[in-house]
There are 2 protein chains.
Amino acid sequence: MSNTQAAESRPYHHGDLRRALIDAATRLLETEGPSALSLRAVAREAGVSPAAPYHHFKDKSELLDAVAAEGWTMLDNAIAKARAEAANPAEALDEIGVAYVCFARQNPAIYRVMYDTARDKEDFPVEVDGGGDSAYCKVRDTFIDAGANPNDLQELELATTAAWCSAHGLAEMANFKQFEHLKAALGGEVEFFRAVFKRLGLAGHLR
Amino acid sequence: MSNTQAAESRPYHHGDLRRALIDAATRLLETEGPSALSLRAVAREAGVSPAAPYHHFKDKSELLDAVAAEGWTMLDNAIAKARAEAANPAEALDEIGVAYVCFARQNPAIYRVMYDTARDKEDFPVEVDGGGDSAYCKVRDTFIDAGANPNDLQELELATTAAWCSAHGLAEMANFKQFEHLKAALGGEVEFFRAVFKRLGLAGHLR
DNA sequence: AGGGCGATCTTGGCGCCGTAAAGATATCTT
DNA sequence: AAGATATCTTTACGGCGCCAAGATCGCCCT
């Protein structure tokens, strides 16, 4: 009753601690950085004992998995938005790339957790094939919209992978101060992203 | 005298512990992975007390810096070799990319440390501008060899950055098992790398 | 040559971490 | 109402990064 925040749903006798822990972890990640994120600190932030999280997550990495999953959802949404707002499919490819890198730059800690946990499991937590609506599939379908042959699955997958690689690579390189002057020369960070994507000509190989 | 390995040079009264610690850390990284690398474990592996490393490195991150620095040197060498062995400049660009990703795949733990420490400092530990002979500058100069205008510095830097981004992105994506079947369909991992680089057309924008 | 000195290494200790086990407490079921 | 069950706390263990104090050893200077 005298909880800090009486929240929406409480399927158990106490508040929704699982939710609170994910939020606390996200908050700590953003404010203190990934190195400062300990399970004990998350519990402290959520106002519970150090062992409480173990009733909702098998271990620390499972909590991080949950944080990463929310990150992938956020990225999905950002990509869907960029695709929907683009004037045409070719422009959509560039805008998706820009949205991707902007997401990574605005949520660096979450983005890092997303790829760290993925790397540990050697598992890209995004649907890659079939008719799913994951971010990856959205990019692939945008290539089709832009004129790629929908039957050449290999070429399609190659194009999507190449685009994803450059976006991810750019997202990581954008952190380095060595590229500040290039961003400035181009009139801003987003223009820098755009220039790199243009240089790579993502849609350029379509016939 | 009864040391495990009496080594080449000993500038101090004992063995070259600094060297031994870097080697031990590298060995542990490769065999146990980055998460298992503690300063105490490195000391154990090197056969010294847990506090001994502090006479050679300010803290753990400084040891990792040293490991990363050796990694960058190895990467430099791999790139120089690829460039030297290529038949012509255009091919050199692709071969450098393949060599980059192969290095990352063959030394995943070191590669990870290289970028982790760089990210923490927001500092790309590779000479980016001027006439240096860093790996980055080698790539840039290869673009000039391939016909890029050496006076359009901005375009040159953009091309180099774009190429580096795709190589780094591909190096990270290549870990994910989702792309196994694509590698198999293309006849091997290296062919996969080649196909992605070809798809991106690194040298394609040269006039 | 030998005595001091500084660099190198060890010991012991602090507070933090992840996590397991066992006890307390509140809710749900019957 | 009572027992079962899920949730949370307490306590504890070993490992971690790091610090400070002490021991040890090579080196230099006279």
Side-chain angles (χ1 to χ4, degrees), chain A residues 1-25 28-29 31-68 109 113 116-117 120, chain B residues 1-25 28-29 31-68 113 116-117 120-121:
Chain A
M1 300 207 187
S2 65
N3 258 349
T4 49
Q5 282 205 2
E8 33 221 323
S9 79
R10 55 187 56 194
Y12 314 115
H13 68 295
H14 220 81
D16 190 348
L17 182 56
R18 183 188 159 89
R19 182 70 266 144
L21 289 169
I22 295 176
D23 291 346
L28 281 177
L29 273 174
T31 57
E32 315 286 337
S35 63
L37 189 111
S38 69
L39 244 193
R40 292 175 108 103
V42 173
R44 228 176 287 135
E45 171 87 11
V48 292
S49 78
Y54 285 91
H55 294 271
H56 299 274
F57 302 98
K58 195 169 100 326
D59 55 18
K60 181 184 180 182
S61 84
E62 211 174 72
L63 168 59
L64 289 181
D65 285 355
V67 172
V113 169
D116 278 354
T117 66
D120 288 343
Chain B
M1 297 212 189
S2 65
N3 258 349
T4 50
Q5 285 204 2
E8 35 222 318
S9 81
R10 54 188 57 195
Y12 314 115
H13 69 294
H14 221 80
D16 191 347
L17 183 55
R18 183 189 160 88
R19 181 73 263 145
L21 289 169
I22 296 176
D23 290 346
L28 281 178
L29 273 174
T31 58
E32 315 285 336
S35 63
L37 189 111
S38 70
L39 204 48
R40 292 173 109 105
V42 173
R44 230 176 286 135
E45 171 87 10
V48 293
S49 79
Y54 286 92
H55 294 271
H56 298 274
F57 301 99
K58 196 169 100 321
D59 55 20
K60 181 184 179 180
S61 84
E62 210 174 72
L63 168 58
L64 289 182
D65 285 356
V67 173
V113 168
D116 278 355
T117 65
D120 287 344
K121 300 192 283 200

Whole Å only: how far is the CG atom of Asp16(A) from the P atom of dT27(C)? 15 Å

Would you give the length of the straight line joining atom CZ of Arg44(A) to atom OG of Ser49(A), rounded to the nearest 0.5 angstrom? 12.0 Å

Measure CD/Glu32(A) against P/dC17(C) and give the value in whole Å, please. 12 Å

Any donor and acceptor pair, going by atom type alone, linking the side chain of Asp59(B) with main-chain N or O of Glu62(B) inside 3.5 Å? yes

5' to 3', nucleotides 16-21 of chain D under a 4.0 Å protein heavy-atom cut-off (B base, S sugar-phosphate only, - none) gives BBBBB-

Indicate yes or no: at least one non-hydrogen side-chain atom of Val42(B) is less than 4.5 angstrom from one of Phe57(B). no

How many whole angstroms separate atom CZ of Phe57(B) from atom P of dT8(C)? 12 Å

Is there side-chain contact between Asp16(A) and Arg18(A), with heavy atoms separated by less than 4.5 Å? yes

What's the separation between atom CG in Leu37(A) and atom NZ in Lys60(A), rounded to the nearest 0.5 Å? 5.5 Å

His56(A) side-chain N/O to dC8(D) phosphate OP1/OP2 under 4.0 Å: yes

Is the shortest heavy-atom distance from the side chain of His56(B) to the side chain of Leu63(B) under 4.5 Å? no

